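Encoded as structure tokens, the structure appears first; notes follow it.
Just the heavy atoms: all of them, side chains too, but no hydrogens, waters or symmetry mates, feed the values below. The shown structure was predicted, so the numbers you read here are calculated from the model rather than taken from an experiment. Below, chain A is the first sequence line, B the second, and so on; all start at residue 1.
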Amino acid sequence: MERYNFKLIEEKWQKKWDKNKTFLSKIDKSKKKFYCLEMFPYPSGKIHMGHVRNYTIGDVLARFKILNNFNVLHPMGWDSFGMPAENAARQNNLDPKSWTEKNISVMKSQLKKLGLSIDWDREISTCSPEYYKHQQEFFLELYDKGLVYRKENYVNWDPVDQTVLANEQVIDGKGWRSGAAVERKKLNQWFFNITKFSNELLDNLKNLSEWPNKVKIMQQNWIGKSFGCEVSFKINSKKDVKQINCYTTRPDTLFGMSFLALSVDHPVAKFYEKDPEFIKFKEECSRTGTTEESIAVAEKMGFKTDLEAVNPLDEKIKVPVYFANFVLMDYGLGAVFGCPAHDQRDLDFAKKYNLKITPVVKPDNTENFEIKDIAYTGEGKLFNSNFLNNLKVPYESINKTIDYLEQKKIGKRKTNFRLKDWGISRQRYWGCPIPIAYDENNNPIKIPKELLPVELPEIKKFNSVGNPLEEMEDWKKVKINGKTCKRETDTLDTFVDSSWYFLRFCSAKNLEYGYDRKDANYWMPVDQYIGGVEHAILHLLYSRFFMHALSYQNKDFNIKEPFKGLFTQGMVCHETYKDRNNNWVSPDEITTINGRKFLKDDSKHEIKVGPSESMSKSKRNTIDPEEIIKNFGADAVRFFILSDSPPEKDVQWSDEGMVSSYKFIQKLWILNQKILDKIKINQSNTVDNELKKITSQFIQNVEINIKNFSYNKIIANFHEVYSKLNKIIEKKIGKVDWITNYKDILIAMSPVIPHFSSECLELLKIEEKISWPAIDKKILIEENINIVIQINGKTRGIISTNKDISEEQLLSEIDKISKIKNYYKNKIIKKKIFIPKKLINIVVT
RNA sequence: GGGGCGAUGGCGGAAUUGGUAGACGCGUUGGUCUUAGGAACCAAUAUGGCAACAUGUGAAGGUUCGAGUCCUUUUCGCCCUACCA
């Protein structure tokens, strides 16, 4: 028998799809649209297994929707600005542009080998001027709407590389590359006013019913809405400080206040700038500032000022004012009042500096209430609180206290958000230039529309330090309205690029504007967005913001939520290996002898097998998809990557599993030939219900499982239908029967293994346009079913009987089975529970 | 510290609304065919037991005729977030 030559067949179909533009998408109002989008890749060099998984999941859905007569948009592009290109350019002495373009062409050819149903005519690349021109226009539009502004902000500055570092590039307070101690530096930077939409971004989450709950909760926490109030504290001091305001969610604990704590960046700090003790303290604070863990563990430290704060509820109570390392300037007002009895941080602080600890909340039904090492944050009643005593904590106490403070005009109810505005300036070359210039007084001036795009100047050589744009004197000069101005040399955060690319896909070639109104209104929102959960917060939130911002004050565009459905897939994992020198070893350097692993050229020293972790270059536990496709074919890889785990969970790469998927395709091929042979022999026009039932069952299962993203179960369905067909093949079934049923089975398989299915359908001489088969539900209703017989809730037998059997009939049937009867004869039957079509439970004593 | 998710054979995982626990795959074992098999095919495979049977979904309770599924308590693991006032 002829083997399945996946190489020839897959190439044949890929060429055909390409040539016929099978997946070209056009507006067609006679059909329902379906916008299927997977997160576009960063062109890092080669595709990895994560891409294979991501794009296979999306492709199965897109092809399924096409078969169901949806008008499907399934595009692909490149998130092609970003630091890796700069790093590669620095290392290898080349320019980021050609590096990126080379990677794109490699990865594009790799993706094509997967046989994806992509409309490549809509391909976009964020680093091309045709794309970022529109982004610059959007920037200016948002600028006009007041959603973009400039302010001074701290950055992580690497003094050796002369560059700004992202938070994740700061490791233990040092630059990841240079190893130099990172400094805090104040720079003028551009911001998007994302906080303007805090409430909307939060409230709209509840309408996103097709998003994973997990992601919605993460965004909710990130936005971090809290209810509380601002309280003013009178200050007694010789300095010019009359009042300090604090934000609090617990104003009801004011009578327990024993100090006031300020951030070292608080405006009041200016009075202490020359105090050497304060300078020392501030330095100490910034030293323990970088890693998250160290922050959490860091000891509470304070610097006592000569200020004195007055308790607004009782002017007789006066407390000291400290600067404290645990108060942050960028949350609330950079100042808090300390209530040690009911806040752990305050308690730690109070103990260290011997401050008063006055409990004001006690749990109900307690007599002797004392605070020792743990602050009490639970419910209860107020005490030690003068006129607030006996109020119920928290709801009543908080609200009544705020009412009182508002009445006395010493406090104001206030909602606070954790969300901060989005800093979009990056001191980098390989990004979208910010379309702004500065006049001689350093006032920002918009680059006029007709001068867009502001193109990135080409560079030949990449210096190892700084942003090369800074040194391009010719490029920096620009004439606006006859005035010579200096260009902004910062570029945009690459998250901006990916905040609207899905919109661009709707009208990828539109020259006038970033999108075409007609196209956007037809295709948007994305019906199903698929990607890694690592983008659950920033990318998704920024994209949501961007659509809100474009919709803002815009009567032509009102798409606020870009992603109707969201699916977050898990990672692809593989065992990790280390040699005897503790160096990571790649799986393809290893050979297995008698279940033990060795280096291929060293059979003496065994390889240490580590835990399975997500594939990464640094741990060298990656599997190259191109190699795998070359050896097993795209269909087999697609089949395997879906097989082992539910798509939302991590999947374990397994060589055995891959081989078994490959073999399964081969088995399907053999079966296909057997069926073709049968069709030739038996020309009769019979109707075979068994075959029809197998077919209908399969189609129904696959359909349900695709809809629920239970792709691993589809693979099980494939195995089941194979083994059933393989059994029924010897039965005398006529030509027509085989063709009608087998055709439907092949169509139902095609979303997962499109090349194989297409080839078999062609061999079956199916020429009409295929669509998802309708099933005859009646045939799936079984006349005879299994009914479970339980005695006292334990299964004692199963009866195969007519589905409509009555309780009495069933009981008399059971009575005939002595094995079961033994369990209840000579006993009193207390109760019988009969669930038609399912079971009967006889309760005896 | 806060929040979320999860725990089922040797492994990955199935199990609509509470109703035959372990689908499907991997691995393992036995067999057939082969010069050979790391190929193909067939069979077995939760645990204990010759068997009847008993026990089994992290642990302990509870609700129910019946619990992997619901409730309470608890242990462990993973993820996110982080001095959020």
Side-chain angles (χ1 to χ4, degrees), chain A residues 212-218 220-222 224-226 228 231 246-251 253 261 263 288-289 292-300 324-328 330-339 342-346 348-349 375 377 416-420 533-534 536-537 570 573 592 595 612 640 643-646 648-652 654-661 663-664 666-667 670 701 704 708 710 712-720 722-723 726 786-798 819 830-835 837-844:
Chain A
N213 223 7
K214 177 175 70 169
V215 174
K216 286 193 274 189
I217 288 165
M218 280 159 86
Q220 191 183 313
N221 292 341
W222 190 259
K225 188 176 189 173
S226 72
V231 187
C246 296
Y247 174 74
T248 178
T249 54
R250 291 301 302 274
T253 61
S263 157
T288 49
E292 287 170 359
E293 254 182 294
S294 74
I295 287 169
V297 188
E299 203 186 335
K300 306 284 171 277
N325 63 342
F326 62 90
V327 183
L328 306 171
D330 45 8
Y331 184 81
L333 300 167
V336 299
F337 78 80
C339 175
H342 305 291
D343 183 293
Q344 195 58 43
R345 287 159 310 172
D346 296 347
D348 296 344
F349 190 83
T377 54
N416 201 42
F417 290 92
R418 206 192 74 112
L419 184 68
K420 285 172 223 150
V533 73
E534 64 274 19
I537 298 174
C573 300
T592 308
S612 184
F640 171 70
S643 70
D644 272 0
S645 300
E648 70 276 11
K649 288 223 244 166
D650 287 355
V651 66
Q652 173 74 32
S654 117
D655 293 332
E656 293 80 11
M658 185 59 245
V659 171
S660 125
S661 297
K663 286 179 187 166
F664 182 71
Q666 292 292 344
K667 289 201 273 185
I670 291 164
N701 288 344
I704 291 170
N708 295 332
S710 302
N712 54 327
K713 287 193 251 166
I714 298 175
I715 303 304
N717 300 147
F718 274 44
H719 283 285
E720 279 160 354
Y722 165 81
S723 91
N726 212 26
N786 290 335
I787 292 196
V788 175
I789 300 142
Q790 297 184 338
I791 312 294
N792 286 345
K794 290 208 170 172
T795 303
R796 295 303 182 184
I798 297 152
K819 191 187 148 206
K830 254 173 71 180
K831 206 177 190 181
K832 284 168 289 202
I833 293 111
F834 176 62
I835 314 276
K837 295 180 186 140
K838 277 212 169 122
L839 63 71
I840 186 157
N841 186 9
I842 302 167
V843 185
V844 296

Looking for any heavy atom pair under 4.0 Å, which part of the strands does [X] touch: base, sugar-phosphate only, or nothing?
X        : answer
A:Lys832 : nothing
A:Asn786 : base
A:Ser654 : nothing

**Report entry** Counterpart residues, salt bridge (Lys or Arg N to Asp or Glu O under 4.0 Å), relative to A:Lys832 (two or more places apart)
**Finding:**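 A:Lys832 satisfies salt bridge (Lys or Arg N to Asp or Glu O under 4.0 Å) with no residue once adjacent residues are dropped.
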Query raised in the report: Of all residues at least two apart in sequence or in a different chain, which pass the salt bridge (Lys or Arg N to Asp or Glu O under 4.0 Å) check with A:Asp343?
Result: A:Arg345
Query raised in the report: Mind checking whether A:His719 and A:Phe664 have parallel, tilted or perpendicular rings, split at 30° and 60°?
Result: tilted
[X]: side chain to side chain contact (heavy atoms under 4.5 Å, CB included) partners, not counting sequence neighbours:
X        : answer
A:Lys649 : A:Pro646
A:Arg250 : A:Thr248, A:Asp252, A:Thr253, A:Val361, A:Val393, A:Ile398
A:Asn221 : A:Ile217
A:Asn416 : A:Ser226, A:Tyr247, A:Tyr331, A:Lys414

Query raised in the report: Phosphate oxygens OP1/OP2 of B:rA85: is one of them under 4.0 Å from a side-chain N or O of A:Thr248?
Result: no
Query - B:rA85 phosphate, OP1 or OP2, under 4.0 Å from A:Tyr247 side-chain N/O - result: no
Report task. Return the 5'-most residue of the pair A:Arg345, A:Gly657 with respect to RNA chain B, ranking by each residue's nearest nucleotide. Result ->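 Between the two, 5'-proximity favours A:Gly657.
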Report summary line: Rounded to the nearest 0.5 Å, the CH2 atom of A:Trp222 sits from the NZ atom of A:Lys420 at a distance of 7.5 Å
**Report entry** Contacts of A:Gln344 that satisfy side-chain hydrogen bond (donor to acceptor under 3.5 Å, both in side chains) - sequence neighbours left out
**Finding:** A:Asp348
Rounded to whole angstroms, how far apart are [atom1] on [X] and [atom2] on [N]?
X        : N      : atom1 : atom2 : answer
A:Asn221 : B:rC83 : CG    : P     : 14 Å
A:Asn416 : B:rC84 : CG    : P     : 13 Å
A:Lys837 : B:rU17 : NZ    : P     : 18 Å
A:Phe664 : B:rC26 : CZ    : P     : 10 Å
A:Lys225 : B:rA85 : NZ    : C1'   : 18 Å

Show me the protein contacts with nucleotides 28-31 of chain B, counting only N or O atoms at under 3.5 Å.
none

[X] has a side chain; which of [options] sits nearest to it?
X        : options                : value
A:His719 : B:rG25, B:rU81, B:rU20 : B:rG25
A:Trp222 : B:rG4, B:rA82, B:rA85  : B:rA82
A:Thr795 : B:rU20, B:rA82, B:rG19 : B:rU20

Query raised in the report: Which parts of nucleotides 10-15 of chain B does protein reach within less than 4.0 Å, heavy atoms only, written one letter per nucleotide 5' to 3' as B for base, S for sugar-phosphate only and - for none?
Result: --SSSS
[atom1]-based separation of [M] from [N] [nearest Å]:
N      : M      : atom1 : answer
B:rG4  : B:rC71 : P     : 15 Å
B:rA23 : B:rG13 : P     : 15 Å
B:rG56 : B:rU69 : P     : 13 Å

Under 3.5 Å, which protein N or O atoms sit close to an N or O of nucleotides 38-48 of chain B? Give each pair with its distance.
from, atom 1, to, atom 2, distance (Å)
B:rA40, OP1, A:Lys663, NZ, 3.4

**Report entry** Watson-Crick and G-U pairing of RNA chain B written in dot-bracket, each distance under 3.5 angstrom, with | for inter-strand partners
**Finding:** (((((((..(((......[....)))((((((.......))))))(((....)))..(((((..]....))))))))))))....
Query raised in the report: Are the side chain of A:Asn701 and the backbone N or O of A:Ile714 linked by a donor-acceptor pair below 3.5 Å?
Result: no
Query raised in the report: Between A:Ser710 and A:Lys713, is there a donor-acceptor pair closer than 3.5 Å when you use the side chain of the first and the backbone of the second?
Result: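 Not confirmed, A:Ser710 side chain does not pair with A:Lys713 backbone.
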Pairwise N/O distances under 3.5 Å, protein to nucleotides 65-69 of chain B:
from, atom 1, to, atom 2, distance (Å)
B:rC65, OP1, A:Lys831, NZ, 3.0
B:rC65, O2', A:Asn841, ND2, 3.2
B:rC65, O2, A:Asn841, ND2, 2.4

Report task. Would you state whether a donor and an acceptor, one from the side chain of A:Lys300 and one from the base of B:rC83, lie under 3.5 Å apart? Result -> yes
Query raised in the report: With syn defined as a glycosidic torsion within 90 degrees of 0 and anti otherwise, which applies to B:rG9?
Result: syn
